[in-house]
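Quick note: numbers below take in every heavy atom, side chains included, and nothing from hydrogens, waters or symmetry partners.
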Amino acid sequence: VSTQSTWDIQFAYFRMAQKRLEKEYIQISKNPSKYYSAAPEEEKNMYNWIGTISGPEQSPYQGGQFQVRLNFPQTYPFAAPKIVFLTKIYHPSVNSKGELCLELLKEKWSIAVTIPQILEAILNILASPSTENPFMPEIAEQLKSHAAQFEETAKQWTKMYAMQVQSR
């Protein structure tokens, strides 16, 4: 394979990703959700987005506003974005660096998955934290063995870190 054809393939992926991200941004703008929002961080760069997710009612995250960074690879939608919580959160699926463990972004990834579906999946894990496939086993163990203590800690962290959106 020549250097020129490799470059052509990379450029084709780049253009495909760019068009897909532009299309999804328009759809999100036209159909906003009351539970989350997301947009490119800079107008000229469609690959880095900032999202805000509202803590679901009846969860320890209720009332919180959680910022996430979505970094899309140039091969999107063939490869999943990397998502990092910018707002500290006490959750078994989010580590201390804010990195998220979400099956949808790993083994369940498909080119048909959209940004709103990703944000809905994050909203769902906030609404129902799970002990299956945890990123933070000690938090998962606390959730399993001492649910009230987990819930109290998660509520405290939500008050401390998510009641006002942290500046970037």
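- One distance of note links CD of Q149 with CD of Q142; it measures 4.5 Å at 0.5 Å rounding.
- At a threshold of 4.5 Å between non-hydrogen side-chain atoms, the residues M136 and C101 do not count as touching.
- At a threshold of 4.5 Å between non-hydrogen side-chain atoms, the residues I118 and P81 count as touching.
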side-chain contact (heavy atoms from CB on, under 4.5 Å) for L126 and I89? Distances and angles first, verdict last.
CA-CA 10 Å; L126 295 184; I89 184 169; 3.3 Å; yes
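- For the atom pair CG (L123) and OH (Y35), the distance works out to 8.0 Å, reported to the nearest 0.5 Å.
- Crowding of Q58 atom CD: a count of heavy atoms from other residues, nucleotides or ligands under 6.0 Å not exceeding 12.
- Between I83 and R69, every side-chain heavy-atom pair lies at or beyond the 4.5 Å cut-off.
- The two atoms that bring M16 and F78 nearest to each other are SD-CE1, 3.2 Å, heavy atoms only.
- Taking CE of M163 as the start and CD of Q62 as the end, the distance is 8.0 Å to the nearest 0.5 Å.
- Heavy atoms only, all atoms of each residue included: A79 and P73 are closest at O-CG, 3.6 Å.
- Listed here is the closest heavy atom pair of T52 and Q65: CG2-OE1, 3.3 Å.
- Considering every non-hydrogen atom in both A121 and L104, the closest pair reads CB-CD2, 3.8 Å.
- Using modelled atom types, one side-chain atom of T87 and one backbone atom of Q67 make a donor-acceptor pair closer than 3.5 Å.
- In this structure a side-chain-to-backbone donor-acceptor pair under 3.5 Å is missing from T131 to L143.
- When side chains are defined from C-beta on, Y36 does not count as touching I28, because their heavy atoms never get closer than 4.5 Å.
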Would R20 and T114 satisfy side-chain contact (heavy atoms from CB on, under 4.5 Å), going step by step from the backbone distance to the final call?
CA-CA 9 Å; R20 168 79 179 257; T114 63; 4.1 Å; yes
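- Between the OH atom in Y61 and the CD1 atom in I53 there is a gap of 12.0 Å [rounded to 0.5 Å].
- Side-chain atoms of E41 and N71, non-hydrogen and from C-beta on, never get closer than 4.5 Å to each other.
- Few gaps surround CD on E107; more than 12 heavy atoms of other groups in view lie less than 6.0 Å from it.
- Once rounded to the nearest 0.5 Å, the distance linking NE2 of H91 with OG1 of T153 reads 13.5 Å.
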Between R15 and K19, does a side-chain contact (heavy atoms from CB on, under 4.5 Å) hold up when you go through it step by step?
CA-CA 6 Å; R15 284 300 303 144; K19 285 184 177 204; 3.3 Å; yes
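- Linking Ile, Leu, Val, Met, Phe, Trp and Tyr residues whenever their side-chain heavy atoms come within less than 4.5 Å places Y25 and V113 in a single cluster.
- The shortest side-chain heavy-atom distance between K144 and F150 does not fall under the 4.5 Å cut-off.
- Taking the side chain as every heavy atom from C-beta outward, Q18 and E22 approach each other to under 4.5 Å.
- Ring geometry for F85 versus F66: interplanar angle over 60°, hence perpendicular rather than tilted (30 to 60°).
- Following chains of ILVMFWY side-chain contacts shorter than 4.5 Å, one cannot reach V84 starting from L105, and the two form parts of different hydrophobic clusters.
- With rounding to the nearest 0.5 Å, the separation of CG in L70 from CD1 in I122 is 6.5 Å.
- For the pair Y76/E24, a side-chain contact is recorded, criterion being any heavy-atom separation below 4.5 Å from C-beta on.
- The two atoms that bring M46 and F72 nearest to each other are O-CD1, 4.2 Å, heavy atoms only.
- The salt bridge (Lys or Arg N to Asp or Glu O under 4.0 Å) test applied to K108 returns E103, not counting sequence neighbours.
- At distances below 3.5 Å, at least one donor-acceptor pair connects side-chain atoms of W109 with backbone N or O atoms of P77.
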